[in-house]
Number of protein chains: 2
Amino acid sequence: MTGRGEGPHGAPSSDGEAGDRRRLTSRSTLRPTMSDVARHAGVAPQTVSRTLRTPHLVSRETYERVQRSIAATGYVPNLTASSLASNRSMTVAVLIPAISTSIFADVLHGLDEVLSPHGYHLFIGSTDYDLDQEEQLTRTFLGRRPDGFFIVGTAHTETTTHLLLQSAIPVVEGWSLTPNPIGSVVGFSNIAAVHAITQAVVEKGYRHPTFAGSIREGDTRAVERSKSFELAVRELLPGEPVRIVNAGAREVEFETGRELSRRVLAEHPETDVLMFSSDIFAAGALFEFQQSGVKVPEQLGVTGFGDFEIARHISPALTTVAVPNRAIGTEAGRLLLRGMTEPDFMPQRIDVGFEVVLRQSA
Amino acid sequence: MTGRGEGPHGAPSSDGEAGDRRRLTSRSTLRPTMSDVARHAGVAPQTVSRTLRTPHLVSRETYERVQRSIAATGYVPNLTASSLASNRSMTVAVLIPAISTSIFADVLHGLDEVLSPHGYHLFIGSTDYDLDQEEQLTRTFLGRRPDGFFIVGTAHTETTTHLLLQSAIPVVEGWSLTPNPIGSVVGFSNIAAVHAITQAVVEKGYRHPTFAGSIREGDTRAVERSKSFELAVRELLPGEPVRIVNAGAREVEFETGRELSRRVLAEHPETDVLMFSSDIFAAGALFEFQQSGVKVPEQLGVTGFGDFEIARHISPALTTVAVPNRAIGTEAGRLLLRGMTEPDFMPQRIDVGFEVVLRQSA
DNA sequence: GCGACCCATGGCAGCGCTGCCAATTTGTGG
DNA sequence: CCACAAATTGGCAGCGCTGCCATGGGTCGC
C-alpha cells in the first residue's frame, strides 16, 4: 500500500493527487507530525510539544488552539522519536520464564497495575526457562532502551548479569532472594518456605516425606526448592532418606501431577506424605487419588505450593504454602518506579514472605 | 548513580577520569553508539550498520573486525533510533481484557511463539474490559508505532476503530467473528458454539437449562454467549422460559461459580442442567455440589465453556466446548507477520472452530 | 589498454521529537 | 518613563540510526 522501497519511478502519475497532501518522500510516515499540528495551529512545533508535556507553561488560549489542531489533524505523538530525543522510553522490560503460567501472569498483572497509571508500557518476553534465551532476550530488550527491567529469578548467565549491570537502569529481580542481586530483589525465601511446610508436616506426625516436582535445569526456583527439601529432611528427620521425584521439563499441569503421584507410589511405597512443588501437581494427584481410591489424608498426606485458588476448593482442601504473587508484581513495580524517578534511589531487598496454610490434605 | 540531568557543574573534578571516556554532554546516553564501534573498528558508522543488518554486503574481514569491536565496546544497538530512522519498530501491540486470565495468557503465548522468532517484540496492555481504557491504550500504543496490532474482541469505541483504521498497519481482532472487522479476524462463532452445546444438552434429554456467567458490560464475548443461549433455547425448546443468572463483574474464579450455582438452585429450582459461560465457574459449581451433596449429573447436569485442563480431571468430568485459544494466538501471529511483510496482503477471516466435548457432567 | 561492471565502503541527510537558550511580550516598581 | 522580572513563544541542534547515492578499487572482455 505504501509502496516502500519503490524508488522514484511512477511518481509523475500520482502528481497533485489530493491537493493539500504533504511531501511524499519514500521515507515519510504519511502520518501527521508535530510540525503539521503546529502549522495548523499557527504556532511553533516546540509549542505543540509543550502543550502536550508541560501544559502549565502554555497560555490557556494557545493550549486550546493546539488541542483543537491535534484533534483536527488526528495527530498521535510518535513516542519513538520522543524516546530518542529525551532518552526516556517510558517502557519497562519484563522477562518471565513462561507467559501462560498463572503465577507469572499474576506478577505481570501486578506490574502493569502499578506502572501503567504512570504512563509506562510493558515489553514482555518469555525465556522458556532457558538461560541462553534469557541472555538473548535481555540483549535485544536492552536495545529498546527501557527505563526499567524486571526479570524473574536471580540465576543468569554471566553475560546477562553483565549486560544488566552495564545498562545503568533500575533492575528488579523477582522471586528468589539472592545474597548478591543485580539491583533490587522482591521475593521470598524458597528455603525457608520449604523448610516451614516440611516442619509443619513433621509436626503433624508424618515421617516419610517424598518431594515431587518438575525440576528443570534453568528453573532455579525449582532447584532451590528441592535442595531446601533435602536440607529440611536432614535436619528434621535425621536418618530418613531424602526422596525426590523429578518430572523434568514436563509442563506444570494436572496431568503431570497425576503421573508424579503414580511414580511416587510405585517407586517409594513407604511415603506417608507427598509434597509437591506446585499446587497444580498436588491437585492433579488429588484427582488421581479420588479415582484410584487412595484416601487422603488417611493413607497418604499431600501438600502443594503456591496456594492457588483450587487449593481451597478441591477436596480434601490442600495444605500448601501461600505466596503473594501479585504482591511481588506490585512491589517490583513500586521499586522500579522509584528507581526510575528518584535520582539516587538505592536498590532494595523486599521479602514478601509466605505462609503455611494447613488444610485437610495433610 | 548516573546523576542524570545534572548539567555541567562539577565537570572539572571528574576530568580525565577513565582515559578513553567519550564526550559527556548532559544529553548523551553514556552508552556506546554505532559511531563508537565504527571508530574502534576503523570503519564508517554505516559499515557497522551493514554488518548488523545486511552482513552479506560486507567483506568477511570487515565483518569480523566490526564484530570484535562490538564485543569490545559492549555495544547494544539502539532500536529506538533504528525505529525512527527505518520507520519499522519491530514491535506488535497487544491489547487484552485481562492479563491474568489463562485464556488470554494462552493467546499471548501463541502470539509470542510466532512473532518472537522473527524479531518482533510484544507490547502488552490490559483494558480490564473497559472500552474507554481500550481507546486510551490504543492511542498511546499507536504512539509507539507498532508494526502490527492485536486486539481482543470486535466491539470498540468509534474512536478506537477510527484510530486503528487510520494507523495503516495490519490489525487482527481476536475471538469474536464480526461481519465487518477492522482488519483480519481470528476466532470462532460464540453463537454457533453456545447453540451447539445447548443442542447437545437437549439431545441428552435435558429440558430446563439455565445459563450462568459473568456478563459484564464491555465483555462482548460474554454478552454474545448469553444472547446465543437465549436464541438457542427459543429455537430448541420453544415455550421454555429463558433463564440467565448473571454474576456481573465478579472475577472469573471457582468461588464465583459456587455462588452462581447456589443462586441458580435458589432462584430456578426447576433447572435440570446448569450451563456456565466458563469452565472455571462450572468447576466451582462441581466443587460446591461435591460438598453439598447434589449429585451430578443425576440430579443436575453441568456444562462449562473453554475445555480448560481441569475439565477432564475433575469428577464428574466436565461436558464443555473446546476452544483453541493457543491457535487463536498463533494464527493471529501468522496473519500479522504476513500483513507486516507482504505489501499487498489482504486481511483474512479465520474461523478456528470449536468442539463440543461430551463428558460425564451432563 | 580502457570503458563496463561489480563489490565494498563512505557520506549525507533526515526520521520526529526534546533540551536548552534566546527572543519577545507583558507586567511591575521606583 | 525605564530598568527589571516573569510569562510565553520560537529556533537551533542533536538523539542514534538508516535510506540512498557517490566513490574507490579491482576484474573482465575485446
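Scope of the values below: all heavy atoms of this structure, side chains included, with no hydrogens, waters or symmetry mates. In what follows, every chain begins at residue 1, and chains take the letters A, B, ... in the order their sequences are listed.
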Undergrad: Whole-Å distance between C/dC7 P and B/Y63 OH?
TA: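 One finds 20 Å between P of C/dC7 and OH of B/Y63, rounded.
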Undergrad: Answer with yes or no whether B/R50 presents, from its side chain, a donor or acceptor under 3.5 Å of a partner atom in the base of D/dG19.
TA: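 A donor-acceptor contact between them is absent.
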Undergrad: What's the spacing between A/Y120 OH and A/T91 OG1 if we round to 0.5 Å?
TA: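 So the gap between those two atoms works out to 9.5 Å.
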Undergrad: CG of A/L57 versus C1' of C/dA22: gap in Å, rounded?
TA: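 The answer, rounded to whole Å, is 16 Å.
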Undergrad: Could you tell me how far apart B/Q46 (CD) and C/dC7 (P) are, to the nearest whole angstrom?
TA: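 Result: 18 Å.
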Undergrad: Taking any heavy-atom pair under 4.0 Å as a contact, classify A/T80: base, sugar-phosphate, or nothing.
TA: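 The residue A/T80 makes no contact with any strand.
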Undergrad: Assign B/P77 to base, sugar-phosphate, or nothing according to its heavy-atom contacts below 4.0 angstrom with the strands shown.
TA: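 Here B/P77 touches the backbone only, sparing every base.
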Undergrad: Just checking, is any N or O donor in the side chain of B/S126 or A/D112 under 3.5 Å from an acceptor N or O on the other one?
TA: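 Side-chain D/A pair, B/S126 to A/D112: present.
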Undergrad: Between A/D147 and A/I169, does a side chain to side chain contact (heavy atoms under 4.5 Å, CB included) hold up when you go through it step by step?
TA: CA-CA 6 Å; A/D147 295 335; A/I169 57 173; 5.8 Å; no
Undergrad: Nearest whole Å is fine: how far is C/dG11 P from B/M34 CE?
TA: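 So the two atoms are 15 Å apart, to the nearest Å.
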Undergrad: Starting at atom CG of B/L84, determine the distance to atom P of C/dT18, rounded to an integer number of angstrom.
TA: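 After rounding, the gap between these two atoms is 12 Å.
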Undergrad: Side chain of B/R53 only, heavy atoms from C-beta on: which candidate in D/dT18, C/dA8, C/dT18 is closest?
TA: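 Side chain of B/R53 sits closest to D/dT18.
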Undergrad: Under 4.0 Å between a side-chain N/O of A/S59 and OP1 or OP2 of D/dA7, yes or no?
TA: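 Negative; the distance criterion is not met.
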Undergrad: Going by heavy atoms in the side chains, are A/D128 and A/E134 under 4.5 Å from each other?
TA: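 Contact flag for A/D128/A/E134 side chains = no.
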Undergrad: Just how far, in rounded Å, is C1' of C/dG16 from CG of A/L52?
TA: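 The distance from CG of A/L52 to C1' of C/dG16 comes to 13 Å, rounded to the nearest Å.
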Undergrad: Provide, to the nearest angstrom, the distance between the CG atom belonging to A/N87 and the P atom belonging to C/dC17.
TA: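 It works out to 17 Å between those atoms.
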Undergrad: If the cut-off is 4.0 Å, is B/S82 near the phosphate of D/dT18, judged by side-chain N/O to OP1 or OP2?
TA: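 It does, given that an N or O in the side chain of B/S82 lies less than 4.0 Å from OP1 or OP2 of D/dT18.
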Undergrad: Send over the distance from A/L79 CG to C/dT18 C1', rounded to a whole Å.
TA: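 Rounding to the nearest Å, CG of A/L79 and C1' of C/dT18 are 13 Å apart.
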Undergrad: Are more than 12 heavy atoms, taken from residues, nucleotides or ligands other than B/E61, located less than 6.0 Å from that residue's CD atom?
TA: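 Result for CD/B/E61: open.
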Undergrad: Has A/T47 got a side-chain N or O lying under 4.0 Å from the OP1 or OP2 atom of D/dT9?
TA: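 For D/dT9, OP1/OP2 do not have a side-chain N/O of A/T47 under 4.0 Å.
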